[in-house]
Amino acid sequence: MIKIFNTLTRRKEEFVPLEDKRVNMYTCGPTVYDFFHVGNARVFITFDVIRNYLQFRGYDVRFVQNFTDIDDKMIKRASEEGVAVKELGDRFIEEYFKDADALGIKRADIHPRATEHIGDIIETIKILVEKGYAYEADGDVYYEARKFKDYGKLSHQNLDELEAGARVEPGEKKRDPMDFALWKAQKPGEPAWESPWGKGRPGWHIECSVMSMKYLGETIDIHGGGPDLIFPHHENEIAQSEAATGKTFARYFMHVGYLNINNQKMSKSLGNFFTVRDILKKYDPEVLRFFMLSSHYRSPINFSEDLMRQARSALERLYNTLYAMEHLEKTAKDARCLDEEEYLIALRQNRERFIQNMDDDFNTADAISVLFDIAREFNLKMSMLSQKAISQTAESLLELGRVLGFFYKFGNGELLDDEIQKKIEERQRARKDRNFALADRIRDELKEKGIILEDTPTGVRWKRLN
RNA sequence: GGCGGCAUAGCCAAGUGGUAAGGCAGAGGUCUGCAAAACCUUUACCCCCAGUUCGAAUCUGGGUGCCGCCUCCA
């Protein structure tokens with residue numbers, strides 16, 4: 001039984017999708033005006049794992065993540081750079097996929113763009129106006145928060161409390177500070193589309209309501225995003241969607257914890273801002289993924305180079321084990337000895353434990369510890385295992401690791417080229433002749449080329465330097 | 001002012017009523033031509049005080065410290 005912490009109820013609930021074995025999920029993607037940062041990455045990686053895991057558990061997952069390609073930030077950046085908003089969006093969508101691919105974040109089934117759904121957005125706004133939830137004011141259209149009786153149910157605030165802290169920008173034509181824009185009238189130089197209220201563009205919140213419902217239906221199973229989306233973004237999505245349809249918008253809302261720098265929120269003004277693009281210059285993307293998944297997704301985590309180095313060492317340990325398995329799979333003789341029943345039972349139990357941990361609100365930290373347990377058991381007993389047991393272990397470790405998005409680069413037919421293979425043989429001859437100077441020189445040479453040699457009782461084992 | 005989160009070894013981090021997973025780093029050891037990897041051993045008054053309980057890191061109350069949301073933000 002999978003349990004999910006639902007922001008709506010603030011508790012872990014048993015996960016029961018609307019349709020048996022089918023899950024519809026939507027997450028709010030990036031605004032494509034720049035490269036994405038490590039905080040964004042945490043959200044994308046988290047939902048990538050959740051999606052993988054649900055599939056692993058046999059669900060048919062339909063996953064949608066949008067691109068916000070029209071809003072204030074887009075307009076501002078485009079004009080700064082002297083390019084069209086469309087051009088800016090195209091460019092950073094491309095850059096998004098470069099980073100996401102590197103991090104092993106799989107593509108959503110659909111990545112809709114706001115600007116390609118203007119017609120749908122207008123239709124939904126029309127419905128909200130007709131139903132009396134929205135009003136036009138001078139070319140703008142606002143949603144009247146007070147009309148929606150459940151407003152605040154996600155962020156657990158009531159309107160009066162929210163209103164006390166609300167800020168009204170001068171020049172806004174809202175009737176109430178808590179009202180928010182569904183449609184904004186065009187300002188000079190801004191991109192705009194024709195609408196019943198004149199030329200303009202959509203507000204931020206409406207796009208997600210519209211695209212979620214268009215591709216996944218009026219009621220979806222899981223809606224997620226970053227922690228600061230709870231209010232107002234997701235609150236507003238609920239208000240818009242549920243007012244329009246009269247149905248529950250999303251049954252489980254999931255929010256990822258913050259990624260902090262020195263225990264503080266990352267912000268451009270503090271200068272503690274890291275893009276994924278920058279970090280990948282120094283660290284393997286898989287290390288970043290490992291680092292993120294070492295903590296529970298809802299806990300705040302701190303990002304630092306020291307922690308990245310710790311993550312790198314830890315991941316390396318798993319890889320060492322994988323290399324050892326690969327090596328032994330080739331050299332192990334069958335009928336090794338020992339009763340390996342017990343070992344295989346423990347392996348199965350570990351696999352079960354992994355599932356239990358992940359079932360419990362996707363506890364990746366616990367799940368990772370199982371990976372290490374499997375590795376230790378194997379390292380301890382590897383010289384006594386049959387080929388079959390070794391293969392089974394490798395299979396399990398790879399299978400479970402890949403649910404978390406690890407090990408994708410492993411074992412895809414990386415063959416040593418002949419030249420390197422010859423060097424290894426040459427070194428073996430030198431070792432036999434006790435010409436250790438030559439042997440060490442060859443080992444160093446290969447290291448230069450990124451190939452690490454390790455001598456073991458069953459022969460030379462090699463791995464690629466990361 | 002309203003709402004919420006966190007505090008576990010040198011560092012990171014699970015655990016949420018039965019006496020502390022896992023990783024990194026350190027020390028010692030085994031193995032080894034050397035190296036590497038691996039394995040073994042070793043390191044915790046679970047922020048403080050009071051309470052509930054046969055029993056609390058885990059529940060309750062009160063402190064202390066840190067962080068967040070309520071405003072564009074993942």
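Sequence lines set the chain letters: A, B, ... in the order given, protein chains first and strands last, and positions in each chain run from 1.
For A:H223 and B:A74, the NE2 to P distance is 14 Å, given to the nearest whole Å. As rounded to whole Å, 11 Å separates atom C1' of B:G22 from atom CG of A:L318. Taking atom NZ of A:K76 as the reference point, atom C1' of B:C72 lies 11 Å away to the nearest angstrom. Rounded to whole Å, the distance from NE2 on A:H296 to C1' on B:A7 is 18 Å. Across the protein-nucleic acid pair, A:H327 atom NE2 and B:A38 atom P stand 15 Å apart, rounded to whole Å. Atom P of nucleotide B:G22 and atom CZ of A:F290 are separated by 14 Å, given to the nearest angstrom. Atom C1' of nucleotide B:A74 and atom CZ of A:F92 are separated by 17 Å, given to the nearest angstrom. Atom NZ in A:K12 sits about 10 Å away from atom C1' in B:G15, given to the nearest Å.
Going from the P atom of B:G18 to that of B:U58 covers 12 Å, rounded to whole Å. Taking the C1' atoms as reference points, B:U43 lies 28 Å from B:C49, given to the whole Å. Rounded to a whole angstrom, the distance from the P atom of B:G28 to that of B:C66 is 39 Å. Between B:C6 and B:C12, the distance separating the two C1' atoms is 15 Å to the nearest Å. When the C1' atom is compared between B:U71 and B:U64, the two are found 30 Å apart, to the nearest whole Å. Separation of the P atoms belonging to B:C3 and B:G61 is 15 Å when rounded to the nearest angstrom. For the P atoms, the distance from B:A9 to B:G4 is 28 Å, rounded to whole Å. B:U19 and B:C67 have their P atoms separated by 36 Å, with the value rounded to a whole Å.
Ion pairing of A:K174 with A:E144 is absent here, as no side-chain N (NZ or NE/NH1/NH2) approaches a carboxylate O to less than 4.0 Å. Remark: A:D101 engages A:R107 in a salt bridge, criterion side-chain N to carboxylate O under 4.0 Å. Using a 4.0 Å cut-off between a side-chain N of Lys or Arg and a carboxylate O of Asp or Glu, A:D69 and A:R113 qualify as a salt bridge.
With B:C11, B:G2, B:G15 as the candidates, the nucleotide lying closest to the side chain of A:D366 is B:G15. Of the candidate nucleotides B:A74, B:C72, B:A13, B:A74 has the atom lying nearest to any side-chain atom of A:T31. The listed nucleotides are B:C39, B:C69, B:C34; the one nearest the side chain of A:F231 is B:C69. When the nucleotides B:C3, B:A37, B:C72 are ranked by their closest atom to the side chain of A:Q157, B:C3 comes out on top. Checking B:C69, B:A25, B:C12 against the side-chain heavy atoms of A:L307 singles out B:C12 as nearest. Side-chain atoms of A:R434 lie closest to B:G33 of the nucleotides B:G33, B:A14, B:A74. When the nucleotides B:G33, B:A36, B:G22 are ranked by their closest atom to the side chain of A:E454, B:A36 comes out on top. Considering only side-chain atoms of A:H37, the nucleotide from B:A74, B:G23, B:G33 that sits closest is B:A74.
The base-pairing partner of B:U19, taking Watson-Crick or G-U wobble contacts with both distances under 3.5 Å, does not exist among the strands shown. Remark: B:U32 base-pairs with no nucleotide; criterion is Watson-Crick or G-U wobble with both hydrogen-bond distances under 3.5 Å. With a cut-off of 3.5 Å on both Watson-Crick or G-U wobble distances, the partner of B:U64 is given as B:A7. Pair check for B:C59 finds B:G51; Watson-Crick or G-U wobble, both atom distances under 3.5 Å. Taking a pair to require two hydrogen-bonding distances under 3.5 Å in either a Watson-Crick or a G-U wobble arrangement, B:A25 remains unpaired. B:C46: no Watson-Crick or G-U partner with both key distances under 3.5 Å is found in any strand. Across all strands shown, B:C72 remains unpaired; no Watson-Crick or G-U wobble contact has both distances below 3.5 Å.
Within the nucleic acid shown, A:N379 comes within 4.0 Å of sugar-phosphate atoms alone, with no base atom in reach, counting heavy atoms only. Among the atoms of the strands shown, base atoms are found under 4.0 Å from some heavy atom of A:L259. Residue contacts for A:I452: at a heavy-atom cut-off of 4.0 Å it reaches no nucleic acid atom on any strand shown. Within the 4.0 angstrom heavy-atom criterion, only backbone atoms of the sugar-phosphate kind lie near A:R461; the bases stay farther away. Within 4.0 Å (heavy atoms only), A:N363 reaches sugar-phosphate atoms of the nucleic acid but no base atom. Heavy atoms of A:K265 sit under 4.0 angstrom from at least one base atom. Backbone-only contact: A:S299 has heavy atoms under 4.0 Å from sugar-phosphate atoms and none from a base. Residue contacts shown for A:D71 are absent, as no nucleic acid heavy atom lies under 4.0 Å away. Nucleic acid contact for A:R317: sugar-phosphate only, since backbone atoms but no base atoms lie under 4.0 Å from a heavy atom of the residue. Residue-level contact check: A:R443 touches the bases, meaning some heavy atom is under 4.0 Å from a base atom. A:F372 comes within 4.0 angstrom of the backbone, heavy atoms only, and of no base. Base contact: A:R427 has a heavy atom under 4.0 Å from a base atom.
For the residue pair A:S209 / A:E237, no side-chain donor-acceptor distance below 3.5 Å is found, with atom types taken as modelled. Judged by distance alone, the side chains of A:D109 and A:Y215 never bring a donor and an acceptor atom under 3.5 Å apart. Side-chain atoms of A:T393 and A:Y343 include a donor-acceptor pair closer than 3.5 Å. Judged purely by distance below 3.5 Å, without hydrogens or angles, the side chains of A:N52 and A:K106 pair a donor atom with an acceptor atom. Using modelled atom types, one finds a donor on one side chain and an acceptor on the other under 3.5 Å when comparing A:D278 with A:T275.
Applying the 3.5 Å distance criterion, the base of B:C11 shares a donor-acceptor pair with the side chain of A:Q310. Side-chain N/O atoms of A:D455 and base N/O atoms of B:C34 include a donor-acceptor pair closer than 3.5 Å. Not a single donor-acceptor contact under 3.5 angstrom links the side-chain atoms of A:D160 to the base of B:G2.
Mapped onto RNA chain B by nearest heavy atom, A:A437 and A:G226 fall at different nucleotides, with A:A437 at the one closer to the 5' end. Where A:S313 and A:H156 meet RNA chain B, the nucleotide closest to each residue was compared, and A:H156 sits on the side nearer the 5' end.
Between A:R431 and B:G33 there is no side-chain polar atom (N or O) within less than 4.0 angstrom of OP1 or OP2. The side chain of A:N320 contributes no N or O atom lying less than 4.0 Å from OP1 or OP2 of B:A37.
Residues A:Y252 and A:F5 keep their aromatic ring centres 6.0 Å or farther apart.
Between the A:H37 side chain and the A:N40 main chain, a donor and an acceptor come within less than 3.5 Å of each other.
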